[in-house]
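In this text, all values refer to a predicted model and were calculated from it rather than measured experimentally. Chain A is the first sequence line, chain B the second, and so forth, proteins listed ahead of strands; every chain is numbered from 1.
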Amino acid sequence: MANKFREWIEDRTGLSNFLKVALDEPVHGGAKWSYVFGSGLVFLFILQVVTGIIMAGFYSPSSTSAWGSVYYIQEKTSFGWFVRGLHHFGSSAMIILAIVHMFQVFIFGAYKKPRELNWISGVILLLFLMGFGLTGYLLPWDQKGYWATQVATNIIGTIPIIGDYIKIIHQGGSDYGNFTLTRFYAIHTFLLPISLLFFLFIHILLFRKHGVTPYWKTSEEVLKNRIDPFWPYQIFKDVVFAIGMYAIIAGWVFWNGGAELLAPADPASNFLARPEWYFLFLFELLKYCQGNFLIVGTVIIPTLAVIFLFVLPFIDINPSKYPSKRIPFFSAVFSGLVAVVALTTIAVYHDSHDIHIQHQKEDLEKQAARAMKLAARGIPPQGGTSIFLNDPVFLGEKIFKEGCVGCHKLKGDGGENGPDFTNFGSREWVSGLLKNPKDAKYFKESGVMPPVSLPYESLLDMTEFLLSQSGDLLNKNNDRIESGKDLVLKGNCVICHPFGDKDAKKMAPNLTGYLSETWLKEFIRNPADLKFYGARNKMPGFDKFSERELDALVQYLLTLSRDRILVSEKDGEKRPYLFGLSSPRTMTDFKNSSFVILQTGLETTKRKSM
Amino acid sequence: MENSRRKFLKIASYAIGGTLAAGVAAPIVGLAVHPWLEETVYGTEDFINIGKLDDFPIGVPKKTTITSSKIDAWNIFEGLVMGSVWVVRREDNTLNVFSTNCPHLGCGIDWGADVNQFLCPCHGGVFDVNGRKISGPSPRDLYAFDTKIENNNVLVRYRKFA
């Protein structure tokens with residue numbers, strides 16, 4: 001039966017003959033490890049296709065739903081993070097392998113007559129790969145993709161005369177929106193794959209026509225006598241290489257916990273735009289092409305480089321494949337490589353040594369982590385950024401930047417009248433204050449309190465005790481709290497600072513519940529109250545804040561400390577409002593619930609369909 | 001010699017290629033079957049609050065809309081009207097909450113105040129105030145929902161009947 005079926009198929013299709021032709025391709029000079037790169041790229045392409053198609057089944061290309069759907073793939077499905085990671089790092093692997101493949105071909109002189117078109121189709125494929133990278137980067141619609149792609153489309157805009165028109169067509173309007181995503185998605189998933197397949201077909205067809213280009217020292221005799229059939233000799237090497245690559249990519253995905261997903265794109269923010277690493281050299285190049293010379297970096301140099309690659313087989317017409325006979329071309333191509341590597345290195349080095357950029361990166365990671373937490377309860381239909389609308393921390397940050405940063409420095413930015421709020425309320429911050437209140441970071445000359453002249457360990461004990469009053473301290477150390485309590489209550493502190501009764505007044509601020517929510521709120525409302533600074537106060541009171549604003553500001557201040565549990569990570573018992581502000585309906589629903597209860601509630605109701 | 005090498009390479013290629021294909025396919029399939037593993041569209045509330053007990057007159061069915069929120073994959077839709085129910089409050093303050101859809105073919109059921117019966121306008125189904133079938137083509141009594149009263153609030157476990 002099976003035999004008959006096979007015969008029938010064979011009769012109607014001629015399949016085995018086709019397979020024979022495909023697989024028995026003679027490899028002159030023998031199968032070689034140096035030939036695995038091309039097939040490796042085909043494997044990676046297939047990997048991109050299958051991971052891409054499966055993700056397309058979850059992804060939604062619109063400005064209100066793109067981030068949410070990628071968030072869903074990343075956080076809510078069992079293997080989504082891994083598949084997305086494969087796709088993300090697979091694209092990097094493809095770029096690397098394509099470059100390696102190109103250099104192998106170049107070094108072996110495989111672009112020379114009669115293989116000119118082979119080379120040219122390869123260059124086109126490389127350009128397509130970059131197109132994939134560029135369009136794919138935007139699709140998650142997160143801060144990174146959104147802002148980096150803005151740079152790319154603006155670069156298109158610098159092309160003389162037609163630039164603006166191309167840009168508008170490309171992004172589907174004069175600004176980013178739904179059409180930008182639908183277009184990028186269509187290009188990424190239809191136009192580019194189809195075009196790539198077409199040129200890949202030509203590329204492989206031409207390769208089959210002309211065969212491999214062996215190592216230049218291989219003698220004619222070996223070429224003639226040593227012939228391995230493609231299957232299994234070369235295929236064996238190819239699959240070993242492919243599984244090796246897959247192991248590395250999969251390992252890389254595990255190591256990184258999948259691909260990064262930052263907070264949803266916020267057109268109002270000023271994000272640090274950085275392209276994917278393989279475009280960094282172009283990005284860095286632009287720093288040196290200023291003013292009217294911008295076009296040199298955006299259009300002229302890249303165009304010249306591409307033209308050079310296209311015409312290479314026609315200007316290097318010496319039939320010899322020996323590198324020693326091709327020194328000018330070797331130096332041209334390798335100096336190009338050196339320039340790209342150097343520019344990339346400079347870009348990476350510059351970013352890693354810029355404290356502002358590092359701080360910004362930290363903030364982005366925090367924001368992203370917060371976005372993940374907030375999105376867990378569902379994203380309102382207004383889109384990704386709406387998860388922040390009711391987030392007190394987000395609002396608090398805004399209030400801080402509007403009302404506080406004039407006097408309080410934060411991570412290097414801001415005024416110097418008041419204490420620096422970097423890592424505010426952390427062990428480091430409080431112990432530093434105890435050590436020297438007059439320090440430039442704290443009260444400067446207006447610091448009346450004498451430094452606590454105790455060993456550093458004792459300062460830490462006191463700090464631990466003081467901070468333990470406000471709760472949510474990470475890794476609380478009870479021994480320290482006990483000895484700190486003795487130091488504070490039996491030492492000199494209580495001579496000036498009231499302790500134990502929240503409303504007691506002495507000459508220095510009342511430390512009952514120091515840095516707790518209530519303490520901070522009362523303090524911000526009226527720092528000149530007699531239980532705080534009294535006549536010595538220099539900070540204006542902020543009693544104009546509504547309860548909600550004040551609450552938000554305090555929540556934000558609490559997140560500044562690295563020693564505190566993030567608001568969103570807590571069980572949230574005390575903060576039912578966290579999710580309750582969007583509508584009266586949810587207000588009642590969630591009044592007595594909390595983040596955790598809500599989440600577990602979802603778990604239990606999940607199984608019951610509507 | 002050469003033949004056995006060739007054979008070995010063939011088997012090895014199949015084995016490695018098969019492992020590779022399985023390794024790629026596993027997470028892909030794992031992701032593809034996600035909708036089997038987890039509900040993607042569901043209501044956020046088990047029991048839905050439909051109002052105060054006193055909102056419902058004794059003995060007279062009252063039609064009430066069910067408003068709740070729904071999770072749809074990554075989205076949450078709040079304040080969404082999910083459907084409506086007939087609420088009948090009895091003398092002893094217990095409640096009957098019926099689906100407004102006829103068990104026959106799902107038409108919307110009306111309350112005939114003049115005859116004190118639920119009437120289906122499509123195929124003439126008739127039900128009494130307790131939802132019991134009196135006549136017509138319906139295979140059963142009206143669908144009823146679990147209810148409970150908490151702090152004078154009426155809560156209904158609403159769901160769609162197939």
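- In B:K52, the NZ atom is crowded: over 12 heavy atoms of neighbouring residues, nucleotides or ligands sit closer than 6.0 Å.
- Atom OG1 of residue B:T40 and atom CZ of residue A:F58 lie 9.0 Å apart, to the nearest 0.5 angstrom.
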Check against side-chain contact (heavy atoms from CB on, under 4.5 Å), A:Y233 and B:K10: CA-CA 8 Å; A:Y233 293 91; B:K10 278 189 181 179; over 6 Å; no
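- Note: A:S65 leads A:G57, A:A247, A:S65 in heavy-atom pairs under 4.5 Å with chain B.
- Rounded to the nearest 0.5 angstrom, B:D72 CG and A:Y72 OH are separated by 9.0 Å.
- Dense packing is recorded around CG of A:D24, with more than 12 heavy atoms of other residues, nucleotides or ligands lying under 6.0 Å away.
- A tilted orientation is assigned to the rings of B:F8 and A:F236, their planes being inclined by 30° to 60°.
- Here A:Y246 contributes atom OH and B:T19 contributes atom OG1; the two are 12.0 Å apart, rounded to the nearest 0.5 Å.
- When all heavy atoms are compared, the tightest approach of A:R377 to B:E78 is NH2-OE2, 3.0 Å.
- In this structure, the side chains of B:F77 and A:P380 stay at 4.5 Å or more apart for every pair of heavy atoms.
- Among all heavy-atom pairs drawn from A:W231 and B:S13, the shortest one is CZ3-CB, 3.7 Å.
- Looking at heavy atoms from C-beta onward, A:S78 lies out of side-chain contact with B:E38 at the 4.5 angstrom threshold.
- Interface residue A:V83: only side-chain heavy atoms are found under 4.5 Å from chain B.
- With a 4.5 angstrom heavy-atom cutoff, A:L47 touches chain B only via side-chain atoms.
- In this structure, A:K237 NZ and B:L9 CG are separated by 7.0 Å, a value rounded to the nearest 0.5 Å.
- When side chains are defined from C-beta on, B:I76 does not count as touching A:I379, because their heavy atoms never get closer than 4.5 Å.
- In this structure, B:W74 has its ring center no closer than 6.0 Å to that of A:Y59.
- The CD1 atom of A:I54 sits 5.0 Å away from the CG atom of B:L31 when rounded to the nearest 0.5 Å.
- Applying the ring-ring contact (aromatic ring centres under 6.0 Å, His included) test to pairs two or more places apart or on separate chains, those with a residue in residues 110-133 of chain B are B:W86-B:F118, B:F98-B:F118, B:H104-B:H123, B:W111-B:F118.
- The interface of residues 36-46 of chain A with chain B, defined by heavy-atom distances below 4.5 Å, comprises A:F43.
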